[in-house]
Student: 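First the structure, then my questions, so here it is.
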Amino acid sequence: MRLFSWLKAKHLTDIKPKCRICYCSTTTFPAVSQHKIPSQNIHITRKELSKLLHQRPPKSQLKQIHAQILTQALSSTAAFVNSLIHCYLHIMEFTSARLLFFHYPLPSPPILIWNLIIRTYCKLQNSSESFSLFRLLLNLDPLIRVHPDEYTFTFIVTSCAHQRSIVHGKIVHGLVVKNGLESNLYVGNSLINMYAVFKITDDAYKVFDKMTERDVFSWTSLVCGYANNGEMDQACEIFYKMPQRNDVSWAVIISGFAGNGRYMEVLVCLNEMFCAVEDKVRPNEAVLVCALSACANLGALEQGNWIHAYIMRNDILCSSNISTALIDMYAKCGRIDCARLIFNRIPRPDVHNFTSMISGLSYHGLGEDSLTVFNMMLDKKVNPNEVTIIGVLNACSHSGLVEEGSSIFYNMETLWGLKPQIEHYGCYVDLLGRAGYLEKALEVVKSMQIKPDIVIWRALLSACRIHRNIFLGNSIIDFIKQLNSAGPSGSEVLLSNLYASLGNWEKVSEVRKAMGQRKTQSDIGCSWIEVNGVVHEFRVADKLHPQILEVLDKLNELWIVLS
DNA sequence: AGAATAGTAC
């Protein structure tokens, strides 16, 4: 910092050139002579320049230093070019970095510089530029050839993990083996991670197995692979075999349970984490978010409350993720008042905070309030995302706000650039159907550019049931039956409910029978409720709960009162 | 110069 104030003292900040390099009017590069360098009377020594570059200066200062390098004819000194590229990449200024890179003083940039530029593109995640550069590197003229090293492969493998398909990954893995780098710790770890991302656990394990040296990254990535692929038993096995676990390892196993809908185990695991003194870990943000989400899905208010208290007690920063998860937890556990309290305390709520508040209000049937929050969000110039719109449409659906919902659905693309996805169609069809606009709903389904899925048909069918539309219901049943052959779904329950509401008991038993034959344990619906901090689970025709007889008695009692 | 984790909807 002091060096820059010194620069200012020398009026360097007053330089206002125009071109990319020195801001003069010429754009030719790198011929220094063509640039009219301003402030030529100022001279900074080489040592000072390299010291300045070493500090990774912000863009404005960097341009001035670059201008100095050009005036002093240092632009073909590799050390300076390297530093400049490094600095430009640091601030993600690709245009300048590429210019320097592609006009590198002969013969060609050293591997370090290749790695730096590939690494920066790798960080962009959705860019394939790192591959283009890697390809260029492999095809260099033999006279100026530089060879990829373990760094290059670490970045390239990581880039492969960001791609949509494993194709590149497989090829790169081949090159890794060819270059004898498979057992390198970093390369190996990034390979495990890549296979974990693509849920190819066998290959992740093979890499893990072949590694001569492993660290907590290798183990955690492998656990992550199994968890991503739903193989929680294997994930646990590896997890407990780990020589040491850190907070991320715990986050991986806990998020694995959460991602696979095994919310009870999330809480069990959290408890275990608190007991695991040997790991010397405390739950990090990811763990807390997963645990809160598990509480939300279980309706476990008491545990949720406890986690909230833990966060407060330990002065853990209530980040956007945490507050979003808290709002969701309180809303789903029936405490919309607490959810509102959390939300109102956020100084500057972001999309995620708004979205969880909007959705929370929606499933409490508070459609008007939900729209109020949505409008507040628009007033504060916070743009909604796809999930926000789903929340708002659901709010309209549950409160019969057809006009408001329609206007949001039809304008989402023009107003916020959000193209309606199948989920949005699902919500909208549900909105129309519930409100009794069955014909209109069917019209929307027919006009859809995306192929309607089971959710859409189910929403329509559900509407037919509510409004007892036998004719439309029957025609939809045929579609549902066809789709059903593709995979299991809850639509059969709806189908049987529809037949039931039409009084067609013969058909009801037929559907139920077919369901009974195919159903496996995991398909059976399940309900939870938390009473005094204990979560009770109920399944269809449950006989396992210790107090099932009392529960059934109470149900009968209620049944009599209600009818 | 390097590798691992998280929320909101359906």
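Sequence lines set the chain letters: A, B, ... in the order given, protein chains first and strands last, and positions in each chain run from 1.
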Student: Is the base of B:dG2 stacked against the aromatic ring of A:Y186, taking ring centres under 5.5 Å apart and planes under 30° as the test?
Tutor: yes
Student: Using the side-chain heavy atoms of A:L116, tell me which of these nucleotides is nearest: B:dA1, B:dA9, B:dA3.
Tutor: B:dA1
Student: Got a sec? Which of residues 327-344 of chain A come in under 4.0 Å of DNA chain B, heavy atoms?
Tutor: A:D328, A:K332
Student: Ignoring hydrogens and angles, write down the donor-acceptor pairs under 3.5 Å from the side chains of residues 194-210 of chain A, residues two or more places apart or on other chains.
Tutor:
from   : atom 1 : to     : atom 2 : distance (Å)
A:Y195 : OH     : A:H173 : ND1    : 2.6
A:T201 : OG1    : A:E231 : OE2    : 2.7
A:D203 : OD2    : A:K170 : NZ     : 3.0

Student: For DNA chain B, which residues of residues 314-323 of chain A approach it to below 4.0 angstrom with any heavy atom?
Tutor: A:S320, A:N321
Student: At a heavy-atom distance below 4.0 Å, what parts of residues 174-183 of chain A sit against DNA chain B?
Tutor: none
Student: Could you check which of B:dA4, B:dA9, B:dG2 has an atom nearest any side-chain atom of A:T220?
Tutor: B:dA4
Student: Quick one: is B:dA3 close enough that its OP1 or OP2 comes under 4.0 Å of any side-chain N or O from A:Y151?
Tutor: no
Student: State which of B:dA9, B:dA4, B:dA6 makes the closest approach to the side chain of A:N246.
Tutor: B:dA4
Student: Apply side-chain hydrogen bond (donor to acceptor under 3.5 Å, both in side chains) to residues A:Y104 and A:N82 and explain how you reach the verdict.
Tutor: CA-CA 9 Å; A:Y104 198 86; A:N82 290 353; 2.5 Å; yes
Student: Indicate every side-chain donor-acceptor pair of residues 370-377 of chain A with a distance under 3.5 Å to a residue at least two apart or in another chain.
Tutor:
from   : atom 1 : to     : atom 2 : distance (Å)
A:S370 : OG     : A:I358 : O      : 3.0
A:T372 : OG1    : A:E368 : O      : 2.8
A:N375 : ND2    : A:L371 : O      : 3.2

Student: Between B:dG2 and A:F155, is there a base-stacking contact, meaning the centre of the base's six-membered ring lies under 5.5 Å from the residue's ring centre while the planes stay under 30° apart?
Tutor: no
Student: With a cut-off of 3.5 Å and sequence neighbours excluded, list every side-chain donor-acceptor pair involving residues 219-226 of chain A.
Tutor:
from   : atom 1 : to     : atom 2 : distance (Å)
A:T220 : OG1    : A:V216 : O      : 2.6
A:T220 : OG1    : A:S249 : OG     : 3.2
A:S221 : OG     : A:F217 : O      : 2.9

Student: Which atom pair, heavy atoms only, marks the closest approach of A:L175 to A:N179?
Tutor: O-ND2, 2.7 Å
